[in-house]
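Structure first, then comments.
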Amino acid sequence: MILENKLNITNQVELAKIEEKISKQKAKQLFDSSDITKVEVGTFTGLSFIHAYLFADIYPFTGKLRKVNIAKGDFRFAPLMYLQQSMKHIDAMPQGNFDEIIEKYVEMNIAHPFREGNGRATRIWLDLILKT
Ligand SMILES: Nc1ncnc2c1ncn2[C@@H]1O[C@H](COP(=O)(O)OP(=O)(O)O)[C@@H](O)[C@H]1O
Ligand SMILES: [Mg+2]
């Protein structure tokens with residue numbers, strides 16, 4: 001099973017390759033341009049902006065909460081029915097010191113709000129919180 005994509009690619013290896021290439025270019029563009037300054041720091045809105053920025057050319061679901069439950073290895077990320085309230089909870093979490101920031105990042109990783117691309121989007125999101 002391969003994720004629905006805007007490039008109409010049906011081969012998983014090919015999709016992974018082109019997805020990596022495009023998202024890396026976009027990540028560079030995000031920092032090289034002043035677009036990074038538009039990101040709201042420490043909120044789901046900000047994370048959605050980053051996610052859409054990286055993946056909008058590839059996937060139709062960018063910046064939007066996933067509509068299926070997902071797992072990696074034997075870890076199940078937040079069940080769908082809690083996702084929305086989880087985003088509200090994380091928005092409100094403090095980010096005043098290193099421990100608070102890491103706790104917030106871990107909560108976001110456990111939530112895994114998007115269908116794909118959570119790792120890359122959330123690490124940029126973390127980077128911005130750490131820099132403020
Ligand atoms: N078993 C796990 N438990 C918790 N988090 C995980 C696990 N496996 C991977 N992750 C996190 O999820 C990310 C992968 O999620 P994914 O949505 O595929 O994002 P990306 O495609 O950007 O890597 C990893 O980068 C890591 O941060
Ligand atoms: Mg992935």
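Atoms within each ligand, like the ligands themselves, are counted from 1 in listed order. Every heavy atom of this structure was used, including side-chain atoms; hydrogens, water molecules and symmetry mates were not. Since we're looking at a predicted model, the values are computed, not measured.
Of all protein heavy atoms, the one lying nearest to atom 18 (O) of ligand 1 is Glu116 OE2, 2.8 Å. Considering only non-hydrogen protein atoms, atom 19 (O) of ligand 1 sits nearest to Gly119 N, 2.8 Å. Ranking the protein heavy atoms by distance from atom 6 (C) of ligand 1 puts Phe77 CZ, 3.8 Å first.
Here CG of Leu83 is found 10.5 Å from NZ of Lys67. Values are rounded to the nearest 0.5 Å.
For Gly73, the closest heavy-atom approach to ligand 1 does not fall below 4.0 Å. Ligand 1 is approached by His112 to a heavy-atom distance shorter than 4.0 Å. The shell of residues lying under 4.0 angstrom from ligand 1, judged by heavy atoms, excludes Phe114.
Between Gly117 and ligand 1, at least one pair of N/O atoms sits closer than 3.5 Å. In terms of N/O distances under 3.5 Å, ligand 1 is not approached by Phe55.
Counting heavy atoms under 4.0 Å from ligand 1, residue Arg123 touches it through the side chain alone. The side chain of Asn109, and not its backbone, has at least one atom closer than 4.0 Å to an atom of ligand 1 (non-hydrogen atoms only; side chain from C-beta on).
For Lys6, the NZ atom sits in a packed shell: over 12 heavy atoms of surrounding residues, nucleotides or ligands are nearer than 6.0 Å. The environment of CZ in Phe75 is crowded: more than 12 heavy-atom neighbours from other residues, nucleotides or ligands sit within 6.0 Å.
Using a 4.5 Å heavy-atom cutoff, the side chains of Lys104 and Ile101 are not in contact. A heavy-atom distance below 4.5 Å is not found between the side chains of Tyr105 and Met93. Using a 4.5 Å heavy-atom cutoff, the side chains of Phe77 and Lys72 are in contact.
Of the listed residues (His51, Lys72, Met108, Glu19), the one carrying the non-hydrogen atom nearest atom 14 (C) of ligand 1 is Lys72.
Atoms of ligand 1 lying under 4.0 Å from any heavy atom of Asn118, numbered from 1 in the order shown and given with element: 16 (P), 17 (O), 19 (O), 22 (O).
The shortest non-hydrogen separation linking Glu100 to Gly96 is OE1-N, 2.7 Å.
The cluster map of Ile, Leu, Val, Met, Phe, Trp and Tyr, joined by side-chain heavy atoms under 4.5 Å apart, puts Tyr82 and Ile110 in different clusters.
For the Mg ion (ligand 2), the nearest N, O or S atom contributed by Glu116 is named OE2.
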